[in-house]
Amino acid sequence: MKKKIIIWSIILILVGLGIYFKFIKSPTVGSTGVSTHVATNAVVTVNKKSFHSTVDTSGNTKIKNEQKLRFNTAGRITELKFNVGDKVRKGETIAAIDASEVYNSIEKVKIRRDNSQVKLNKFLDNLKSSGLRKSELDMQISESRLRDKQTEIAFMEKEHAKNIEQKYIEILEQKNSYKILEKEIKKNISGLKLTGDDREKIIAEKKLDLEKSEREYNTFKEKYDEKLVQKINEYNGKLENQYFSLQTAITEAERNIKTIELVLNLWDDDFKYFDYFSAQKTEHKSWARTYLSNTKASLKHLETAFNNIKSKTDSKNIIIALEKEKSFNESLYDTANQIVKGFENSVETIGFTAATISGYSWQYEAIRSSANSKVSSANATIDSLKNYDSIEKIEADLNNEFVSLGNAIESKKLDIKRVFDNQDFLVGTSDYNIEAENFKLKKAKLSLDHADVEFEKLQKNQVESLKQAKADLERLQLDHKDLVVKNTELNDLKTNEEYILLKNDVKDNQVSLENEYKKLENYILQAPFDGIITKTDIKLWDRLNADTQKYLSIADPDTIEIKTFVNQSDIVKVKTGMTTSMKLDAYEDKTFSGVITEIDSTPTDQNGITKFETKIVLYNPENLKLYSGMKANVKINIQNIPDAIVVPYTAVNTETTTEKKYVSVQNEDGEKERRYVTTGYTDGQYYQITEGLTEWEKVYELDYDPTQFKWDEFGWWVEF
């Protein structure tokens, strides 16, 4: 009984509290229309609210780029180009000290360097006469030929393997075809029967075929001389074309040589960029001149061979001239190749720009390409004139064709005679058919045997050609070895004492010259950045001592930086790139904006408080006068969400099983319904709702029902 009284007493107290909060204790509504007091079961209206969060700090302005300049050497000021307040560009000379002594010293060192270089060049010229440079060129050519031959052998091995495999497959296919044909012919022979074909019909057909062959024979005989003349004329026409081609080639060769002589300073009108041409690797000039000498000699041989041609159809001397033209183009290629490499290793200067160098290089690249193309086609032309298009071969081919036509006539006459001589026509016809079938098989067998012979011949030829190529490679290697020995012997000259002393003297003078030029840096003051001259202690014609403490100050007033310190509790919210607003004591009526550019991760202790240094770049769109050290009060914008849909913090609940957020909405019928929502930012009093609610809807500030209680500690429900 006592227990029931206690339970009913507790229930009555709870009901009383519910009535009090429901009908007596009314909510207080703020400016946003949302409850701002302790949450109850009251219904509130969904409204909008703006979230704005800042971190306040302070600091001082500083001109980011500001520097004091001074001379590090003694002397008289002979040049002062700018005054206080003048703008300067980065790299511009602001002031200069008299450096005449340095320039005099530079000229003296230049003379010493040039004299030492002349001595070294003279020594190298003497060395040239010993054959060293020619030996080096020969080494280059030998190495190039070795590489070409090795490449050729590698290609031949691959190509030979490919040809053998292809030919082997062709023979296999031919053998299969032969087996199939053999089966068909055996079947045909076994199925042949005696026929009663008309003898006269067969003879008539064979006579018509014979007459056709005789007509072809007679026509060929009648026009033999005409055909021979026509083919000889075609051959002579080809010779004439080669004659005129040689004539043009000589003219073009002379023009190309003059073009090359121009860039190598071999004319009276010297190439004005000669000193910069191939300056990085001067050996290309020397090689080009050596190759040019060979090219000129080849041109003389070509001209001599051309003058020896007796007529435009003098095949023998035309072929000799073509071979000389090939040799000339080989030498021309080597010369033009060195010129192109020379331009690739040239030094750019005023007038001799990259575009100018490219233009010159393109001209000589065209000469090199043309020479290479002519060398490639020369062998085919010479071989054609020697072996395939000679007058002797033309006559031999026509005679062979004429004999073949006559042999065909005799064969057809014998065939007709055999039919006439056969008394038993039916048997003869059958025998003839069998013989024809056997002839097909024999012909196929002969073709197969011929393919086997050709395959063996191909293998043998390829083995021989590869063997010959390897022998050529071995000979080239031996020749190259001899050149290496010779070159080594000549190179030993470079180890003599005179050469080493001369070379070191040139190097020492060059280093001295560079050091003298570096001294000039101490005689000028240059602007380290774009800015304005803010102060100067020096005047024109002042004489400075080594310890004179006179400065020239330059600053960039367009870039102002503010250094602030942020508490450790706030620094975790701050990021680079965040915007700021600030007030300067010097301009109380102005608000400046800025952006955080740097956050120092190393903490600083200020009176026992841990802070972090933060740098802000200030924007000055009105170009106000700002100086280092101005006081600034800064607000860092941490969060800014305008017109957010919000509900009281207590109105948002979390579903235990799914962890989804929801609110209790009062619908149009005044009934409570659950609505899932997506939340955003919260300041501890309100939640931003990004999805699920619209403005002016009604929600319960606290999802609480005074008519129902759950007593977890007792494990049972009490309801009214």
Side-chain angles (χ1 to χ4, degrees), residues 128 131 133-134 137-138 140-142 144-145 233-271 284-342 360 362-391:
K128 177 182 177 182
R133 293 190 180 181
K134 184 177 184 303
L137 287 174
D138 291 340
Q140 293 283 338
I141 296 171
S142 176
S144 176
R145 288 175 178 172
N233 287 339
E234 290 175 358
Y235 177 66
N236 288 335
K238 185 180 293 186
L239 288 174
E240 288 181 7
N241 289 337
Q242 293 302 322
Y243 177 85
F244 291 119
S245 175
L246 285 166
Q247 201 172 41
T248 303
I250 292 172
T251 303
E252 184 181 351
E254 293 171 347
R255 185 170 60 251
N256 287 334
I257 286 176
K258 287 183 179 180
T259 303
I260 291 172
E261 287 178 336
L262 173 64
V263 80
L264 294 178
N265 265 16
L266 299 177
W267 284 13
D268 293 336
D269 184 14
D270 290 343
F271 180 50
H284 291 304
K285 291 182 182 179
S286 301
W287 293 348
R289 287 185 173 183
T290 300
Y291 281 128
L292 179 60
S293 177
N294 295 336
T295 304
K296 288 181 176 180
S298 296
L299 178 59
K300 289 182 179 179
H301 294 323
L302 171 59
E303 290 173 339
T304 300
F306 182 76
N307 292 331
N308 289 335
I309 298 174
K310 298 174 182 178
S311 68
K312 296 182 180 63
T313 58
D314 183 0
S315 61
K316 178 181 177 181
N317 287 315
I318 287 176
I319 290 172
I320 292 173
L322 287 172
E323 290 173 340
K324 298 300 181 183
E325 183 193 12
K326 175 189 171 186
S327 299
F328 167 79
N329 282 312
E330 288 174 341
S331 183
L332 178 63
Y333 172 86
D334 292 333
T335 307
N337 188 45
Q338 294 303 321
I339 296 292
V340 172
K341 290 183 177 179
Y360 278 113
W362 177 86
Q363 182 180 6
Y364 292 94
E365 170 64 30
I367 295 175
R368 181 176 68 174
S369 177
S370 175
N372 186 51
S373 176
K374 289 177 180 178
V375 170
S376 300
S377 62
N379 287 329
T381 302
I382 294 169
D383 192 51
S384 174
L385 291 175
K386 278 184 176 179
N387 303 315
Y388 297 102
D389 291 333
S390 64
I391 294 177

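Basis for what follows: all heavy atoms, side chains included, without hydrogens, waters or symmetry-related copies.
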Greater than 12 external heavy atoms within 6.0 Å of Lys324's NZ = no
Spacing of Glu254 atom CD and Lys258 atom NZ [to the nearest 0.5 Å] = 7.0 Å
Distance-minimising heavy-atom pair for Ala305 and Ala321 | CB-CA, 3.8 Å
Take Lys312 and Gln247, measure what side chain to side chain contact (heavy atoms under 4.5 Å, CB included) needs, and give me the verdict at the end.
-> CA-CA 11 Å; Lys312 296 182 180 63; Gln247 201 172 41; over 6 Å; no
What pairs of residues pass the side chain to side chain donor-acceptor pair (under 3.5 Å) test when at least one of them lies in residues 301-311, not counting sequence neighbours?
-> Ser311-Thr313
Nearest non-hydrogen partners of Ile257 and Leu292, listed with the distance | CG2-CD1, 4.2 Å
Are Leu332 and Ile260 side-chain neighbours, meaning at least one heavy-atom pair lies under 4.5 Å?
-> yes
Short question: side chain of Ser298, backbone of Asn294 - any donor-acceptor pair under 3.5 Å?
-> yes
So which heavy atom on Val263 is nearest to which on Tyr364, and how close?
-> CB-OH, 3.5 Å
Atom pair OG/CG of Ser327 and Leu302 - distance to nearest 0.5 Å = 9.5 Å
Residues 243-266 vs ring pair (Phe, Tyr, Trp, His ring centres under 6.0 Å), sequence neighbours excluded, gives Tyr243-Phe306
Could you tell me which residues satisfy side chain to side chain contact (heavy atoms under 4.5 Å, CB included) with Glu323, sequence neighbours excluded, listed by chain and number?
-> Ile319, Ile382, Lys386
How far apart are the closest heavy atoms of Gln242 and Leu322, and which atoms are they?
-> OE1-CD2, 3.5 Å
Going through the distances and angles, do Ile309 and Leu246 end up as a side chain to side chain contact (heavy atoms under 4.5 Å, CB included)?
-> CA-CA 11 Å; Ile309 298 174; Leu246 285 166; 4.2 Å; yes
Mind checking salt bridge (Lys or Arg N to Asp or Glu O under 4.0 Å) for Lys374 and listing every partner two or more places apart, or none if nothing turns up?
-> Glu252
Evaluation steps, side chain to side chain contact (heavy atoms under 4.5 Å, CB included), between Leu264 and Ile339 = CA-CA 9 Å; Leu264 294 178; Ile339 296 292; 3.8 Å; yes
With side chain to side chain contact (heavy atoms under 4.5 Å, CB included) as the test, would you mind laying out the steps for Leu262 and Thr259 before giving the verdict?
-> CA-CA 5 Å; Leu262 173 64; Thr259 303; 5.8 Å; no
Going from CG on Asn256 to OG1 on Thr295, what distance comes out if it is rounded to the nearest 0.5 angstrom?
-> 10.0 Å
Would you indicate whether the side-chain heavy atoms of Thr248 and Thr251 approach each other to under 4.5 Å?
-> no
Euclidean distance, His284 NE2 relative to Arg289 CZ, rounded to 0.5 Å = 15.0 Å
Partners meeting side-chain hydrogen bond (donor to acceptor under 3.5 Å, both in side chains) with Asn337 (sequence neighbours left out) | Arg368
Shortest non-hydrogen pair, Thr335 vs Ala288, comes out as CG2-O, 3.7 Å
Any pair with a residue in residues 317-342 that passes ring pair (Phe, Tyr, Trp, His ring centres under 6.0 Å), sequence neighbours left out, goes on the list, sorted by first then second residue, please.
-> none
Minimum heavy-atom distance between Leu239 and Ile318, given as atom pair plus value | O-CD1, 3.7 Å
